[in-house]
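First comes the structure, then the notes that go with it.
Just the heavy atoms: all of them, side chains too, but no hydrogens, waters or symmetry mates, feed the values below.
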Amino acid sequence: AILMLSSLFLMAMVQSAGAPVVINEFSYDDSGTDDREYVELYNATNAAIDISGWKLDSADQVGPNTAFTIPANTKLAAGGFYVMGSALVPKVNQVVGTTNIWENSQESLTLRDAKGKIIDTLVYEANKLSATNTWYTKPESLLEGEGVWGNFVSIDNHETSFSRHIDGLDTGDNRDFQILPSTPG
């Protein structure tokens, strides 16, 4: 009974915390050609959400910075996943490139709705940021908490990714992420 109550409490917390759609898992560097990069979105609500026209931006201090737009008529089911990445990624919904889609250090990933409002954002390899390297604060903060720390490389044939501890759990501090086996979609 305690386990069941704990599970119900956790599910309520996941659904009430953070944004309705979150960046749930991502892989930006692998030990080979960087051809299995992806970002997975997750709908943490009990209803489908129309994510048509939403954008996934990536940025850093030197560029190139990119933005990928989700196509029209795209609905993300309740508790569903949407994967953007290379065609080599299992369960990819939207192919956005082939290799080196996202840069390998000090990058931000920002999900914006069709009106440009930030829905979720993170900065990875935040351990390399400095007081003089503040691109992630202008014109708006792209950093939640201390950001995602660590330098990541997914080893070919043993793929890993940065994943939220629990799908959809967003405490507003990107310590929600840890390196786990890669599970896009």
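- Between the CD1 atom of Ile23 and the CG atom of Leu109 there is a distance of 5.5 Å, given to the nearest 0.5 Å.
- Minimum heavy-atom separation, Leu129 to Leu143: CD1-CD1, 4.5 Å.
- A donor-acceptor pair under 3.5 Å is formed between the side chain of Asn43 and the backbone N or O of Ala77.
- The two atoms that bring Ala19 and Ala44 nearest to each other are O-CB, 4.5 Å, heavy atoms only.
- Ser108 places a side-chain N or O within donor-acceptor distance of the main-chain N or O of Ala59, the cut-off being under 3.5 Å.
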Exercise. Would Thr160 and Ile155 satisfy side-chain contact (heavy atoms from CB on, under 4.5 Å), going step by step from the backbone distance to the final call?
Worked result: CA-CA 7 Å; Thr160 55; Ile155 306 302; over 6 Å; no
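- Side-chain contact between Leu142 and Asp57 is absent, with no heavy-atom pair separated by less than 4.5 Å.
- By the rule that hydrophobic residues join a cluster once side-chain heavy atoms approach within less than 4.5 Å of another member, Trp54 and Phe81 end up as members of separate clusters.
- Residues passing the ring-ring contact (aromatic ring centres under 6.0 Å, His included) test with Phe152 are Tyr28, Phe162, sequence neighbours excluded.
- Every pair passing side chain to side chain donor-acceptor pair (under 3.5 Å) that includes a residue from residues 176-185 is listed here, sequence neighbours excluded: Glu25-Thr183, Tyr38-Ser182, Arg164-Asp176, His165-Gln178, Thr171-Asp176.
- Each of Asp60, Asp34, Leu56 was scored for a side chain to side chain contact (heavy atoms under 4.5 Å, CB included) with Trp102, with one residue passing: Leu56.
- Taking the six-membered ring for Trp and the full ring otherwise, the centers of Phe177 and Tyr124 sit at least 6.0 Å from each other.
- Connection of Ile49 to Leu111 is established within a shared hydrophobic cluster, with ILVMFWY side chains joined at heavy-atom distances below 4.5 Å, either directly or through further cluster members.
- Residues Val96 and Ile101 are in side-chain contact: their nearest non-hydrogen atoms beyond the backbone lie under 4.5 Å apart.
- Contact between Gly168 and Val22 at its shortest, heavy atoms only, is CA-CG2, 3.8 Å.
- Using modelled atom types, no side-chain atom of Asn24 and backbone atom of Tyr42 make a donor-acceptor pair closer than 3.5 Å.
- With rounding to the nearest 0.5 Å, the separation of CD1 in Ile51 from OH in Tyr82 is 6.0 Å.
- Residues Pro20 and Thr45 approach most closely at CB-CG2, 3.5 Å, considering heavy atoms.
- Listed for the Thr99 side chain is no donor-acceptor partner under 3.5 Å among the backbone atoms of Thr33.
- The main-chain N or O of Leu122 is never found under 3.5 Å from a side-chain atom of Glu144 such that the two would form a donor-acceptor pair.
- Using a distance-only test at 3.5 Å, with no hydrogens or angles considered, no donor-acceptor pair links the side chain of Thr69 to the main chain of Lys55.
- If you take NZ on Lys138 and CD on Gln61, they are separated by 12.0 Å, rounding to the nearest 0.5 Å.
- The nearest pair of heavy atoms linking Ala114 to Ser52 is CB-O, 3.9 Å.
- Linking ILVMFWY residues whenever their side-chain heavy atoms come closer than 4.5 Å, directly or via other members, places Phe68 and Ile119 in the same cluster.
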For this session: Step by step, work out the side chain to side chain donor-acceptor pair (under 3.5 Å) result for Thr121 and Thr110.
Result: CA-CA 4 Å; Thr121 187; Thr110 303; 2.8 Å; yes
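- Taking both residues in full, the closest heavy atoms of Gly185 and Val83 are given as N-CG2, 3.4 Å, listed atom of the first, atom of the second, then distance.
- Within the model, atoms CD of Gln106 and OH of Tyr136 stand 9.5 Å from one another, a figure rounded to the nearest 0.5 Å.
- Atoms CE and CD, on Met84 and Gln94 in that order, are 4.0 Å from each other to the nearest 0.5 Å.
- Here NZ of Lys128 is found 4.5 Å from OG of Ser105. Values are rounded to the nearest 0.5 Å.
- Taking the side chain as every heavy atom from C-beta outward, Glu107 and Glu125 never approach each other to under 4.5 Å.
- Without hydrogens or angle criteria, Ser31 side chain to Asp156 main chain gives a donor-acceptor distance under 3.5 Å.
- Linking Ile, Leu, Val, Met, Phe, Trp and Tyr whenever their side-chain heavy atoms come within less than 4.5 Å leaves Val148 and Ile118 in two separate clusters.
- A heavy-atom distance below 4.5 Å is found between the side chains of Glu159 and Ser154.
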